[in-house]
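Data first, discussion second: the structure below is written as structure tokens.
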Amino acid sequence: VGSYLGNPLHPMAKLSEQLVVEYLNRKGYFCIHGLRQGVNDSDILAIGKKNGSIEALHVEVQTSFRPQAHLSNKSAKRRSDAEVTSDMAAWLNKKFLSAKIQRIRKQLWPDTTWKFVFVHARLADERELKFLGKKGIELIGFREVLQGISVPAGKDGYTCAPGGDISEILRYCGETD
């Protein structure tokens, strides 16, 4: 079974990422979605011009609606605060800070300071979100993304398929006849 969004085993994840790309496009960002180099990957890299200067975003997306395991270690076991901190430090390094990921970003846009963003629905352990917030990661709820794409794009934004098509469906759902 194929999927027009990429990996057929994770169609919901790819669809969620496409909706985040649509959200960012509407905010004036140009996005690279699903960038891979070897075993290293980034969900979304986005570049936009904000207040006269370039803004670069590295965005990771996790949109579980009924999470069964932790974001950082894919286990459902109870963890101490120290274990959450350790697991999340490893996750943060893997997703945003490793030398390989930094090299990929530098190859694409040298001399750019990257802002890190995490888009999320529900997590099995809210302490993971608190950890990311304390580390300076911008946290965006997936509901905000859906609300942002359910209205027409502004004059500076643009849309892309399939996110643009899905935004039309969301807008239709919100209309009253």
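Positions are given from 1, in the same order as the sequence printed here. Atoms considered below: every heavy atom in the structure, side chains included; atoms not considered: hydrogens, waters and symmetry mates.
- Nearest heavy atom pair, residue Ala69 against residue Ala124, reads O-CB, 3.4 Å.
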Decide yes or no on side-chain contact (heavy atoms from CB on, under 4.5 Å) for Leu35 and Leu108, but give the supporting numbers first.
CA-CA 11 Å; Leu35 180 70; Leu108 292 171; 3.5 Å; yes

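- For CZ of Arg171, the number of neighbouring non-hydrogen atoms (other residues, nucleotides, ligands) closer than 6.0 Å is greater than 12.
- Side chains of Ser72 and Arg79: a donor on one and an acceptor on the other come within 3.5 Å.
- Minimum heavy-atom separation, Leu123 to Pro67: C-CG, 3.6 Å.
- Taking the ring centre of Phe30 as origin, the terminal cationic atom of Lys49 falls outside the region bounded by 6.0 Å and 45° from the ring axis.
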Before giving the answer on side-chain contact (heavy atoms from CB on, under 4.5 Å), spell out for Leu129 and Glu126 the whole-Å C-alpha distance, their side-chain angles and the decisive distance to 0.1 Å.
CA-CA 5 Å; Leu129 280 180; Glu126 290 295 316; 3.4 Å; yes

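- A pairwise comparison of heavy atoms in Ala46 and Trp114 identifies O-CZ3, 4.2 Å as the closest pair.
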Val59 and Tyr23: side-chain contact (heavy atoms from CB on, under 4.5 Å), yes or no, with the steps?
CA-CA 12 Å; Val59 183; Tyr23 174 79; over 6 Å; no

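- Ser16 approaches Thr63 most closely through the heavy-atom pair OG-OG1, 2.6 Å.
- One N or O on the side chain of Gln102 and one on the backbone of Leu97 form a donor-acceptor pair closer than 3.5 Å.
- Put simply, OG on Ser64 and NE2 on His120 are 12.0 Å apart, with the number rounded to the nearest 0.5 Å.
- Note that CG of Asp87 and CG of Asp125 are 9.5 Å apart. Values are rounded to the nearest 0.5 Å.
- For the pair Val145 and Phe142, the minimum side-chain heavy-atom distance is below 4.5 Å.
- Clustering ILVMFWY residues whenever any of their side-chain heavy atoms sit less than 4.5 angstrom apart, transitively, puts Val151 in a cluster other than the one holding Ile149.
- You'll find the side chain of Lys95 stays beyond 4.5 Å of the side chain of Ile101, heavy atoms only.
- Note that CD1 of Ile166 is 8.0 Å distant from CD of Gln18, once rounded to the nearest 0.5 Å.
- Nearest approach of Ala56 to Thr112, heavy atoms of both residues: CB-CG2, 3.3 Å.
- Note that CD of Glu138 and CG of Leu57 are 7.5 Å apart. Values are rounded to the nearest 0.5 Å.
- Across all non-hydrogen atoms, the minimal contact from Pro152 to Arg26 is C-NH1, 3.5 Å.
- A perpendicular orientation is assigned to the rings of Phe116 and His58, their planes being inclined by more than 60° (bins at 30° and 60°).
- Between the side chains of His70 and Glu128, no donor-acceptor pair is found at a separation under 3.5 Å.
- Annotation for Lys50: atom NZ counts as buried by contact number, over 12 foreign heavy atoms lying within 6.0 Å.
- At a threshold of 4.0 Å, the pair Glu55-Lys27 does not count as salt-bridged, since none of the basic side-chain nitrogens sits closer than that to a carboxylate oxygen.
- Between the side chain of Ser150 and the main chain of Gly148, no donor-acceptor pair closer than 3.5 Å is present.
- Note that NE2 of His33 and CG of Asn25 are 11.5 Å apart. Values are rounded to the nearest 0.5 Å.
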Take Leu92 and Phe131, measure what side-chain contact (heavy atoms from CB on, under 4.5 Å) needs, and give me the verdict at the end.
CA-CA 10 Å; Leu92 186 65; Phe131 175 90; 4.1 Å; yes

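- For the pair Phe96 and Val117, the minimum side-chain heavy-atom distance is 4.5 Å or more.
- With respect to the salt-bridge test (charged N to carboxylate O, under 4.0 angstrom), the residues Arg127 and Glu83 do not qualify.
- When the side chains of ILVMFWY residues are joined at heavy-atom separations under 4.5 Å, either directly or via intervening members, Val119 and Phe65 end up in a single hydrophobic cluster.
- A distance-only check finds no donor-acceptor pair linking the side chain of Ser86 to the backbone of Ala82 [under 3.5 Å].
- Taking the side chain as every heavy atom from C-beta outward, Arg105 and Leu45 approach each other to under 4.5 Å.
- One distance of note links CZ of Arg122 with CD of Gln62; it measures 12.5 Å at 0.5 Å rounding.
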